[in-house]
Amino acid sequence: MNRREEILDIVSKVVALPSCVGKASSLLENNVEDFAKLARIIEHDPGLTANLLKMVNASAIARRHPIQTTRDALCWLEAPDILQFVISTGLAPTYVRTIDGYDQSPGMYLQQSVAVAIAACKLGKALGVSFPAYTYTAALLAGVGKLVLGTYVKVDMHRLMSKVLEENLPFDKAEDAVLGINHAEIGEFLLKRWGLPPEITDVVRYHLRPDDYAGESLVLDLVHVGNLLAKLIGVGLGADGLNYDLSTNSIERLGVTPEIADRVSAEVVTELGGLWDLFVECVDRVCVL
Amino acid sequence: MSTLTVSISDMKFSTDPGDVLVTYSLGSCLGVTAYDPKARIGGLIHCLLPSAVGAKERARKKPFMFVNTGVAMMVRILLENGAQKNRLVFKVAGGANMRSNDFFSTGKRNMEALTKLLDRNKVSLAAQAVGGTIPRTMYLYLDTGRVVVKSLGKESEL
């Protein structure tokens, strides 16, 4: 079994992603008195969002109408005991392996994911385009493969960064060279197995290389540029830094200018300011990763 | 001793020699320190964008978001709290750019804005760790004014 096959074998056994469940669990104990609060926590947490979408899309009804957003998913789950199950899937899976690499604490990963999601949506608004609601979900989950790699696979970050810095490779190409697979592909593999709709899994797969996608997708372009803007802003930035390629085709299709990018960056930082309470809760000892 | 964390578009200063100012995850943003070794007062700012031109309302609410308004305000606050302008030592870190593409070039533009501001005030930088594609964390130790930059697990003094 080569390295790629080993990694895919590990990923195929992942039944739930780590997430920040402490606050959500405590809200459930109060019989979900404040449903809006619960939705707010879940929709900004990549682990809880992915776990939730996995569960709702496994149901027969949802398969005919794939669920793409946290809000829609919560509408399917009225019974607190079902919701309790979803959230408990984020609790310490027994097979969690040592994190080795990626240099991102749980709080930083959460911040980066939320920054990407906000950036993609703010960019769409700034450009005046009509984009679907699942843009936020797709952007939030775009980097989920990195969470999987960092949690379940032993990654030699030193070797990856040597490829990046000495061979001038973008980070995802360095992953391809060292691991035989990159985190975008791993994210797609996992979420497809979990039954998430192609509208989301395609964005996860191609968000680093939209030019490889057959066709054009507004959501993909927004998430690609939003991801890079979030990295430029720096919030929650990991060791991979700014070592990614920008698609000029995406830029041209969207009509982004540096002025628009600056405005969006400022708006992202301002909006993130209203979410620090979630991040603080996540980095608390209740966060499972 | 306290560690004071400076978030994006924020500035903190201290006169307590036991304090350490730190800012994390500098991507294209600039972290700028100013320290008066005699008064032992120093500040650290984390600027997101180069200029408040075209964003006056935002600059009014968040002056530290921008290099041109933020650094000037940090200096003003340090002077009001006992620093002397001619003794201030300036150091900078961050200003990274996306690899192989200068479309956004936010890091480069941030550094140009700082250079313009300092040149206009006839002030020179004592040290810098800017550019490239790597994230940086910047520390200012108030006891000596020592500035440390950490990146990819390695620490170096500026």
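The chains referred to below are lettered A, B, ... by the order of the sequence lines, with proteins before strands, and numbering in each begins at 1. Every value quoted in this text rests on a predicted model; they were computed, and no experiment measured them.
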How about B/R87: does its CZ atom have over 12 heavy atoms from other parts shown lying under 6.0 Å from it?
-> yes
Does any heavy atom of chain A fall under 4.5 Å from the side chain of B/R109, the backbone, both, or neither of them?
-> side chain
Which atoms of B/K62 approach chain A - backbone, side chain, both or neither, heavy atom under 4.5 Å = side chain
A/R209 and A/E185: salt bridge (Lys or Arg N to Asp or Glu O under 4.0 Å), yes or no, with the steps?
-> CA-CA 11 Å; A/R209 302 208 160 262; A/E185 201 178 342; over 6 Å; no
Non-hydrogen side-chain atoms of B/M111 and B/V92 separated by less than 4.5 Å = yes
What part of A/L169 is in contact with chain B, defined as an atom under 4.5 angstrom from a non-hydrogen atom: side chain, backbone, both or neither?
-> backbone
Ranked by heavy-atom pairs below 4.5 Å to chain B, first place among A/T248, A/V164, A/T270 goes to A/T270
Ranking B/P135, B/S151, B/G132 by heavy-atom pairs under 4.5 Å to chain A gives rank one to B/P135
Does some side-chain heavy atom of B/R136 sit less than 4.5 Å from a side-chain heavy atom of B/K150?
-> no
Chain A contact via B/M98 - which portion, at a heavy-atom distance below 4.5 Å | both
Over all heavy atoms of both residues, which pair between B/A52 and B/T69 is shortest? Give the atoms and the distance, please.
-> CB-CG2, 3.8 Å
List the atom of A/L127, the atom of A/L254, and the distance in Å for their closest heavy-atom pair.
-> CD2-O, 3.6 Å
Given side chains that start at C-beta, do those of A/L208 and A/Y244 come closer than 4.5 Å, heavy atoms only?
-> yes
Name the region of A/T257, side chain, backbone, both or neither, that has any atom closer than 4.5 Å to a heavy atom of chain B.
-> backbone
Please look at A/V268 and chain B and tell me whether the side chain, the backbone, both or neither of the residue comes under 4.5 angstrom of a heavy atom of that chain.
-> neither
Checked B/S9, B/G107, B/G27, B/S28 vs chain A; the most non-hydrogen pairs under 4.5 Å come from B/S28
